[in-house]
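No experiment lies behind these values; they were computed from the predicted model shown. So that the names make sense, note that chain A is the first sequence line, chain B the second, and so on, each numbered from 1.
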Amino acid sequence: MSETVVTMLTNAFSVLVFPGLLFVMIVGLLLAGIDRKVLARMQKRKGPPVLQPFYDFFKLMGKETIIPDAANRRVFLAAPIIGFVSLVVMVVLIPIGGYTPFGITFNADLIVMLYLLTIPAVALIIGGSSSGSPYAGIGISREMVTMMAYELPLVIVLLTVALKVGGGSFCFSLGEISAWQETNGALITHWELIPAAIAFLFVIPAEVGTQPFDVAEAETEICEGPLVEYTGAPLAMFKLNTAIKMFVMTALFTVLFFGNAVATEYLALNALIVVAISAGITVLSMTLAHAVCARLKIEHLFKFYWTVVTALAAISLVLVWCL
Amino acid sequence: MMEMFNNYEVVKHFPVIAVMGLFLFAFLIEIFGAKCKIIRNTLTLIATGGAFALILGLIPMVFGEGNVISYWMGDWKPVAGYAIGIGYEVDALSLFFGLLVSGTFFLSSIYSIKYMSRDHHLGHYYTLFLMLSGSVLGLVLTGDIFNMFVMIEIMTFASVALTAFRNKKGIALEAGFKYLILGSIGSSLVLAGIAVLYMQCHTLNMAQISSIIGGAGLNPSLVFAFALMFAGFGVKSYIVPFHTPAADAYMAAPSSISMVFSGMVNKAGVYALIRLTYTIFNAMDIPAVNILLVTLGAITMFIGVTMALAQHDFKRLLAFHSISQIGYVITAIGLGTALGLSSGLFHAMNHTMFKGLLFLCAGAVFYATGTTDLDKLGGLSKRMPKTTICFLIGAFSISGLPPFNGFASKWMIYQSVYAKGVESGNFAYIFATIVALVVSVMTLASFIKVTQAVFFGQLPDKLKDTKEVPFAMRLPMWIMSGLCILSGVFYRFVDVNVLYPVRNAAFGVKNYISSMLGGEAAAAASNVSSEEFFTLWDPKLWLILFAIVLLAVCIVVLLGDKTLGAVRKNKASEESDGKYATFFGGEKSTHSHVAGSDLFWGFKKDFKGYFKFMQGMHSGSVNDYALYVVVGTALIVATMFIFVL
């Protein structure tokens, strides 16, 4: 009986504190702050303090919530929460430094991951759609096209990694992928996977929705698209979701391409290492592109992902298959 | 009472009574119910409900004890080792499809009562409806291949008549005509295949044919018969390039009928394909057959979904999604592995649920507004909130979002296709996995389009007075929604209790033969064993986690109305409150260049050439469509001769 209670408490701890809710909220907002600060530095500005996203978040939580007349109330309010929940579930499933709070029980969690990743985007789309605004209409159209654009290379990258780790057998498990790298070296050091890693680096900013791939939320032309009608707490949730997505995507990159190769015996240290690598990848894949490039048009974005990025991923897949 | 279901002598009559009952009631309705509404509705509900109950009564016998029910019509037992009478043979595979058939028709009949109440000549409607249900049920329960052909014929002609039922519209007649021509070609192919088969085996009993082929091996005539029947059943299950009549038929038919078309009539083709490849020819060890099925499946899902993206009619869009989802099923069953087959069957079952649900939603929209044109609808979520929820459940299910059922079955499909690729070392399977994953996102995109164009967005002035549909129509929708969630969350239960016996039945050819004809006939057949359970995942913990969080969400949403009760509404229409008008100043969607059906112009622009080509291919001319069927059949025959012999 007491064992059950202990298990339940441990599970609750994993979901609510580490690596769940509290941990991702803090790390996600921190990454968003680092992103803003580094971007400002790159553009020779002083920039906001690193903790600025925290201030923004709490400020928005306290603001009035307005629901437009044309909106479907329940869907409008539920959308940000659904996105948030699926992100938290994802974080619990990502083995941080080989630590899986529920054990390696999800033999095919790579696919689960892929689908959980779509839910925050769907939540944004459904929420925006339910607000009834034509700006949101344009925004969700672009969000959906962006999603179709990055999904193809993402799928190929994930299958490539699975193929490389599995060899001649079936392996769809993040835990196994992570553990494999402990003995065989980080996947990023295997040269045939470098194109796939680059492709994944391109997928991250589109998934998170940062410039130059933020066509869906283009503030200057369609007033943040799907978010145009959102105010107060729901808006804060959406901003938080974006921040958490930064961590989820970069942590996924860490697991896929570094895995246990960078893990130590200490969980706290592992978490720190993952966060540090995540921050590095954030700067590399998101901040740098943001500082250098202007926003793309939606059809150019789509073409870019289905040609250049997909080609990179496919090169890796073919190399892994043939070697 | 419960004793009865365990008594073989009683239970073995159930399948025949169910099929005969449906046909009998079809004529009773024509005689007694043509004028009187109450008699008509009562008879229909008794017939479909009775058939459903009888099929349910088979569960303890077939799923529980693993028996195969064999029944010789008129007690015409085999003479000198040759089966001469019509035999009904119900194993777990037949029962699985029988359950889907009778359940779907039962729900559809409940829905029909209210939905069809504004139409005329309803006596004919219900007669045809029961004919259709009887024929599809007979098709999946029979053990005689010629009887199967007869059922296919009845099914085709009942379908044609029902497609053209609302014959005041030209489009319904056109759709009926196309269905008639292509359906006849498909039936002829099946008949030709059966003729060759009969010439070779001198029997029409499926178990016996299987036994003979298992003993003698394949010869060119048998391969020819296989290819012809393969193409014929392909026409019935609408795999590309035979898919063309489906779009018109599903759009033009009343929604209650579209639901059964999409839910069951094309599944009957899938069932026949499984019987053909697994039981009769035991051909799933042949790599060429696997590759052919997987290739056709992958092409079908891709073309289906891209065509769906280009549609601007609600039901036509759903029709193309039916085609696309059947592609998943064909791909999965084409693998010939135990996991592949169970994932395919699971997806077939889930497709029956969520596509039925979506067609019912389309029907509800049509009932409430009188149109299914995406460009004329919008903002219905305020007027029809319950339909909106049902639609969202269906849309999320078909797009494969967790925790709905589409996710569970697609998850299994990806695993099985990928595993097959890794095992066999064939890159085609890896490619098929990628196609399947990408098609899933496109499915989502297409349903986002419908959501935006029909339920969200702005309400046109014409639809201001729209009302929610009556309870009798919502009831089947709620049942379907509930099933979508239940089978998605408890997929482990479904896998162990339903799919496992079904999979064993499909692989257990020897058992199939021996329970019909006795042990000696079965000796020649090879039995593929699939004894081990597939424990590729342990979803328990993941489920608990998701359930907790989902519960939290539900609570938040439910409380949301009260706790956030103080929120202020944006009165965009009132000029007095200028503060909010800045953000939502009454912009009309007509000013936006992405309205209704053309939501994904960014995507379409990059695929201009492809869409233009596909539009040219779907010319609407029945000559072209017939040509595709002939060419497709020729290709299948050629493939079989080159790679199998």
Region of [X] in contact with chain B, defined by heavy-atom distances below 4.5 Å:
X         : value
Leu152(A) : both
Ala162(A) : both
Leu114(A) : side chain

Ile389(B) side chain reached by Ile393(B) side chain, heavy atoms, under 4.5 Å: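 Of all side-chain heavy-atom pairs linking Ile389(B) with Ile393(B), at least one is under 4.5 Å.
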Beyond-backbone contact of Leu124(A) with Leu227(A), side-chain heavy atoms, under 4.5 angstrom: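 Yes, side chains in contact.
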Can you tell me which portion of Phe396(B) sits under 4.5 Å from chain A's heavy atoms? Options are side chain, backbone, both or neither.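 Just its side chain gets close to chain A.
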Quick check on Leu444(B) against chain A: is it the side chain, the backbone, both or neither that has a heavy atom closer than 4.5 Å?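 When you check distances to chain A, atoms from both the backbone and side chain of Leu444(B) fall under 4.5 Å.
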Do the two ring centres, one from Phe238(A) and one from Tyr230(A), sit under 6.0 Å apart?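 Ring centroids of Phe238(A) and Tyr230(A) are less than 6.0 Å from each other.
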Between Phe213(A) and Phe304(A), how do the two ring planes meet: parallel, tilted or perpendicular, split at 30° and 60°?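 Phe213(A) vs Phe304(A) ring planes: parallel.
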Could you list the donor-acceptor pairs under 3.5 angstrom formed by side chains in residues 310-323 of chain A, with sequence neighbours left out?
residue	atom	partner	partner atom	Å
Thr310(A)	OG1	Tyr305(A)	O	2.6
Ser316(A)	OG	Glu192(A)	O	2.7
Ser316(A)	OG	Ala196(A)	N	3.0

